[in-house]
Amino acid sequence: MWRCGRRVPCFLRRLNGGHAGPRAWRRTGTSACERARQHEVGERIHGFTVSQVTAIPELSLTAVKLSHDSTGAEYLHLAREDTNNLFSVQFRTTPMDSTGVPHVLEHTVLCGSRKYPCRDPFFKMLNRSLSTFMNAFTASDYTLYPFSTQNPKDFQNLLSVYLDAAFFPCLRELDFWQEGWRLEHENPKDPQTPLTFKGVVFNEMKGAFTDNEKIFSQHLQNRLLPDHTYSVISGGHPLCIPDLTWEQLKQFHATHYHPSNARFFTYGNFPLGQHLKQIHEEALSKFEKIEPNTAVPAQKPWDKPREFHITCGPDSLAAGSSKQTTVGVSFLLPDITDTFEAFTLNLLSSLLISGPNSPFYKALIESGLGTDFSPDVGYNGYTREAYFSVGLQGIAEQDTHAVRDIIDRTIEEVIEKGFEEDRIEALLHKIEIQMKHQSVSFGLTLTSYIASCWNHDGDPVELLKLGSQVARFRQCLKENPQFLQEKVKQYFKNNPHKLTLSMTPDDKYPEKQAWMETEKLKQKVDSLSPKDKQQIYEKGLELQTQQSRPQDASCLPALKVSDIEPSVPLTELEVALAAGKTPVQYCAQPTNGVVYFRAFASLHTLPEELRPYVPLFCSVLTNPCFEEEEHFRVLVKMSAQELSNGIPDSGHLYASVRATRTLTPTGDLQETFSGMDQVRLMKRIAEMTDIRPVLRKLPRIQEHVLHCDNMRCSMNATPQQMSLAEKAVEKFVRNVGQSKTERKPVRLNVVEKPAPSGSNGSTHVSGPQVIRKLITDPTFKPCQMKTHFLLPFPVNYMGECIRTAPYADPDHASLKILARLMTAKFLHTEIREKGGAYSGGARLSRDGVFTLYSYRDPRSTETLQSFSKAVDWAKAGRFTQQDIDEAKLSVFSVVDAPVAPSDRGLDHFLCGLSDEMKQVHREQLFAVSHEDLIDVSNKYLGTGKSAHGLALLGPENAKIAKDPSWIIK
């Protein structure tokens, strides 16, 4: 997976405390931190030497730094009472061209290794493990391989596979062809069909650069840091990827994937010694130290500002076709290894741009010149030297200079006036609250947070000492009230290393990109001899044969179904009535002193014509002054822009939501709230000259939503906080108030369904019953609809949805196993390996919608045929008991994913799922048989068995255009 240069989210959002498994907080014996603190500096452990042991109390962890004696590999272990343990290894990867060599390598090393030579062990381990996370990332200057799991045996299995993949990959030529790029006939079996470019990474990057925000962000980094590796595209440019050779790939691995260029990271409550022993014995003991020479030199500072202009494709879904210009002003900042300066500038960035009271929000967003901040806005610390960027998108081209003037003027005003003390204090308080918040993926958050700084030899432990950084920041402000203004003056006003980047749409941009690809292809084909063409044809056949051949994965380690916990952990809940009638669910949890409150409002009395505006109401509700017309217009433009920008990254989700629209009432509402209908509605609202009719709808929505008659609440907190929390909820409910007149349901079919409680058989829920008001529509009839949204993308996003059995139906368990089975054993091979899409598969929603999808797919109707073949494969039962067991492992890795203390009990609150219902479903999953899978395939997935919906987002398609059963939008 390629990580484009982008805005670094403030540490407020990035660094949340972690606490994983349901039983993680019940400590027994010596704690992980206590064990870690027993290590001493200078101690040698399995080929490593301890260099530092540091307690970081604000994050409830102990850091142990080590180095490997014979290779110099660096190692950081963060011990914490968290059952969701994580491993990662990262390599500094510094390409000097845009062929995407680190990205292609990241894909190819996972295609088989010395110890595990089967094809694609990475994807196969998804079905042989209970991992809570497995992936790999290519950043601008490093490549990261992380996984996490709660099972010690699973951790050792995955570690063995990851180590062998990283240090001893096969790097077979056919794998390079499949994952990177290749010339192949459109029909590999017919040498008379034209040659074309294929490859997973090639198609991934074609899809990535349909996103105008990514285009802008990538050019910003390339232009601001032009002297070394940041001047190229680490993920690869589609026109440069075909210049990469197999030999170059192998050479890059030899020079970059060496322990002397590696940084190892482990996190959690598993013993450090076992990790060190396995890493040393299976990998590092086989290497000697080298000088990798991969360091990134400092960027030479400019003596005067620079300007650049680029073009992109027009956005047909953005509001205002004449206002699609983007302009941003960026400043080079100091080295990110200066951790306190980085902390200060990150915080300064938040003060400048975050929230409606920030200077740049007031000056730029409220100016009405544009729709939203420019991409990559704020502090970016993913490169050796950080940078800050600010600007606007959605402006008229003639307003470029006006935006630049506003930015200069705002900088001057900040230097003169500074920041309100209350805003600074609120931001520091937010950091302190976020340090207490406990997420389930804290290990992954930490390895991502420290990666860039550590990659450039910064101190990752110092980076984690947020408490001391906050204290030092407060001291600096106390000693010098002008502290922040001086930073603004130093880094923004008096900084000649300043880039102004503008981007305008070109109506011919997609055609020009296609023409350049055609010319590149012609150049490649024209250089081929008849012998070369024959070899390409034969290699294409060989690759297709390899992809179709059954693989023996017996060399890979695997857990057994018997390793899965037989029962679900129980969550104790208590229900009480606030203000005499509003049900509140209380869940006592180790939330580290933070109280989590949620209110759920039913929409069953809301008039039909107001429903499309509910997402807009939600997005502006917490914004001060949204009732004022100009403020509201600004918020509308931002919402519309964000929706439009999100489509290239989530096209398969939009396709799937659209395909569900005609299958269930829920699907119809989901399309209204979060599908293409919502995108198009927001575009229309943003383009309205008179926005007051829409603004007048919001108080009407508020009347139906914000009153306690239609509300139920939930509260997660520590037992000691419950008494105060109850009083706060009581006050909230009384302030919300009751409706003055009784509102009747708009639809007469509202079913009042009691949630499970002690009075109806649920042993873990005490107190009065919660009544859930469920809207039904007996007149709704599922029907088939096929929709093609024409968008200027070079790849396709597809979703085919089938209405099947919901969660409470015994068939649901079989369908859930079947979806995973079809993904792993059929669709992955057909859609990704053979078809070249970035991903594809099947999944089942809780309400019983079975979805087949593909993402960044160069094919369209061929993939729809693959969906049909997958159904035939399932109905024929072409899978083994081993395949079924692996699918069960994969499903249970999701079912048993760790749940944060803040979220426990939410399934009961939102969906009425009791632990008893979950246990029944769990036993049904265990019991799924070969016969059950064939039965549900025939019962639901066959043609004419259940209603189907189809949707496709992508370029014009001649076959679909001729088919009258498709609706073209």
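As a basis for the values below, the full set of heavy atoms in this structure was taken, side chains included, without hydrogen atoms, waters or symmetry mates.
- Side-chain N or O atoms of E179 include none that pairs as donor or acceptor with a backbone N or O of T108 at under 3.5 Å.
- Within a 6.0 Å sphere centred on CD of E931, other residues, nucleotides and ligands contribute 12 heavy atoms or fewer.
- Note: S937 OG to L815 CG = 7.5 Å, rounded to the nearest 0.5 Å.
- Not a single donor-acceptor pair under 3.5 Å links the side chain of S814 to the backbone N or O of V928.
- Between A655 and A951 the shortest heavy-atom distance is O-CB, 3.2 Å.
- The two residues S893 and S129 come nearest to each other via the heavy atoms CB-O, 4.2 Å.
- Not one N or O on the side chain of Q438 forms a donor-acceptor pair closer than 3.5 Å with the backbone of S902.
- Stacking of R832 on the aromatic ring of Y838 is recorded, both the 6.0 Å distance cut-off and the 45° axial limit being met.
- Tested against N269, the residues N84, N85, D82 include a single side-chain hydrogen bond (donor to acceptor under 3.5 Å, both in side chains) partner, N85.
- For the residue pair R820/S890, the side-chain donor-acceptor check at 3.5 Å is satisfied.
- At least one donor-acceptor pair under 3.5 Å links the side chain of Y855 to the backbone N or O of D649.
- Summarising the local packing, NZ of K250 is surrounded by more than 12 heavy atoms from other residues, nucleotides or ligands at distances under 6.0 Å.
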| task | Kindly indicate, with the supporting measurements, whether the criterion side chain to side chain donor-acceptor pair (under 3.5 Å) is fulfilled by D175 and H107. | result | CA-CA 9 Å; D175 293 330; H107 280 240; over 6 Å; no
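- Side-chain atoms of L933 and I817, non-hydrogen and from C-beta on, do get closer than 4.5 Å to each other.
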| Stepwise, does the side chain to side chain donor-acceptor pair (under 3.5 Å) test hold for D847 with S845? | CA-CA 5 Å; D847 60 353; S845 68; 2.3 Å; yes
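- Using modelled atom types, one finds a donor on one side chain and an acceptor on the other under 3.5 Å when comparing Q547 with Q178.
- At least one donor-acceptor pair under 3.5 Å links the side chain of H256 to the backbone N or O of F252.
- A donor-acceptor pair shorter than 3.5 Å cannot be found between the side chains of Q881 and H930.
- With no hydrogens or angles considered, no side-chain donor-acceptor pair links H812 and Q924 at under 3.5 Å.
- More than 12 heavy atoms of other residues, nucleotides or ligands shown are found within 6.0 angstrom of NZ on K286.
- Aromatic rings from H77 and Y267 are positioned such that their centres are separated by 6.0 Å or more.
- Here Y162 and F147 bring their ring centres to under 6.0 angstrom of each other.
- Residues satisfying the salt bridge (charged side-chain N to carboxylate O under 4.0 Å, His left out) test with E862, not counting sequence neighbours, are none.
- Atom OG of S854 and atom CD of E800 lie 11.0 Å apart (nearest 0.5 Å).
- Salt-bridge check for R846 with D907: passed, with a basic side-chain N closer than 4.0 Å to an acidic carboxylate O.
- Counting only heavy atoms from C-beta outward, the side chains of I564 and F926 approach each other to under 4.5 Å.
- Counting heavy atoms from C-beta on, the side chains of I647 and Y654 come closer than 4.5 Å.
- Of the possible donor and acceptor atoms, one in the side chain of D164 sits under 3.5 Å from a partner among the backbone N and O of K115.
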| task | Please lay out, stage by stage, how Y116 and S160 fare under the test side chain to side chain contact (heavy atoms under 4.5 Å, CB included). | result | CA-CA 9 Å; Y116 306 110; S160 182; 2.6 Å; yes
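- One finds no salt bridge joining D885 and K560 here, because no Lys/Arg side-chain nitrogen approaches an Asp/Glu carboxylate oxygen to under 4.0 Å.
- Side-chain contact between I450 and F265 is present, with heavy atoms from C-beta onward closer than 4.5 Å.
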| message | What verdict does the ring-ring contact (aromatic ring centres under 6.0 Å, His included) test give for F850 and Y940, after you've listed the backbone C-alpha separation in whole Å, the side-chain angles of each residue and the deciding distance to 0.1 Å? | response | CA-CA 9 Å; F850 194 96; Y940 297 102; 9.2 Å; no
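- Relative ring orientation between W181 and F176 is described as perpendicular, the plane-to-plane angle rising above 60° on a 0-90° scale split at 30° and 60°.
- Using a 4.5 Å heavy-atom cutoff, the side chains of T143 and F137 are not in contact.
- Ring planes of F91 and F167: perpendicular class, angle over 60° (limits at 30 and 60°).
- In plain terms, the two heavy atoms of D552 and C118 that are nearest each other are O-CB, 3.5 Å.
- Using a 4.5 Å heavy-atom cutoff, the side chains of E542 and L174 are in contact.
- In summary, the side chains of T93 and Y257 do not present any donor paired with an acceptor at a separation below 3.5 Å, with no hydrogens or angles considered.
- One distance of note links CZ of F867 with OG1 of T851; it measures 9.5 Å at 0.5 Å rounding.
- A donor-acceptor contact shorter than 3.5 Å is absent between the side chain of D903 and the backbone of A900.
- Once rounded to the nearest 0.5 Å, the distance linking CD of Q882 with CD1 of I884 reads 10.0 Å.
- Salt bridge annotation for E886-K825: present, with a cationic side-chain nitrogen under 4.0 angstrom from a carboxylate oxygen.
- Considering only heavy atoms from C-beta on, S148 stays 4.5 Å or farther from S441 through its side chain.
- Defined by atom type and a distance below 3.5 Å, a donor-acceptor pair is present between the side-chain atoms of S929 and D932.
- Here the side chain of Q150 pairs a donor or acceptor atom with the backbone of D896 at under 3.5 angstrom.
- Between V849 and I802 there is no side-chain heavy-atom pair separated by less than 4.5 Å.
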| query | Passes side chain to side chain donor-acceptor pair (under 3.5 Å), N796 versus R859? Steps please. | reply | CA-CA 7 Å; N796 297 282; R859 306 189 305 172; over 6 Å; no
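- L818 CG to K875 NZ: the interatomic distance, rounded to the nearest 0.5 Å, is 12.0 Å.
- The main-chain N or O of G836 is found under 3.5 Å from a side-chain atom of N203 such that the two form a donor-acceptor pair.
- A cation-pi arrangement is present between R843 and Y853 under the rule of less than 6.0 angstrom and at most 45 degrees off the ring axis.
- For H652 and Y797, the ring centers sit 6.0 Å or farther from each other.
- Residues forming a salt bridge (charged side-chain N to carboxylate O under 4.0 Å, His left out) with K198 (at least two apart in sequence, or on another chain): E184.
- With respect to the salt-bridge test (charged N to carboxylate O, under 4.0 angstrom), the residues R922 and E565 do not qualify.
- Between the CG atom in L844 and the OG1 atom in T804 there is a gap of 5.0 Å [rounded to 0.5 Å].
- The shortest heavy-atom contact between V89 and A262 is CG2-CB, 4.2 Å.
- Proximity of a side-chain donor or acceptor of D857 to a complementary backbone N or O of M798 within less than 3.5 Å is not detected.
- Centroid-to-centroid, the aromatic rings of H275 and F155 come within less than 6.0 Å.
- Under the rule for a ring pair (Phe, Tyr, Trp, His ring centres under 6.0 Å), F122 has no partner lying at least two apart in sequence or in another chain.
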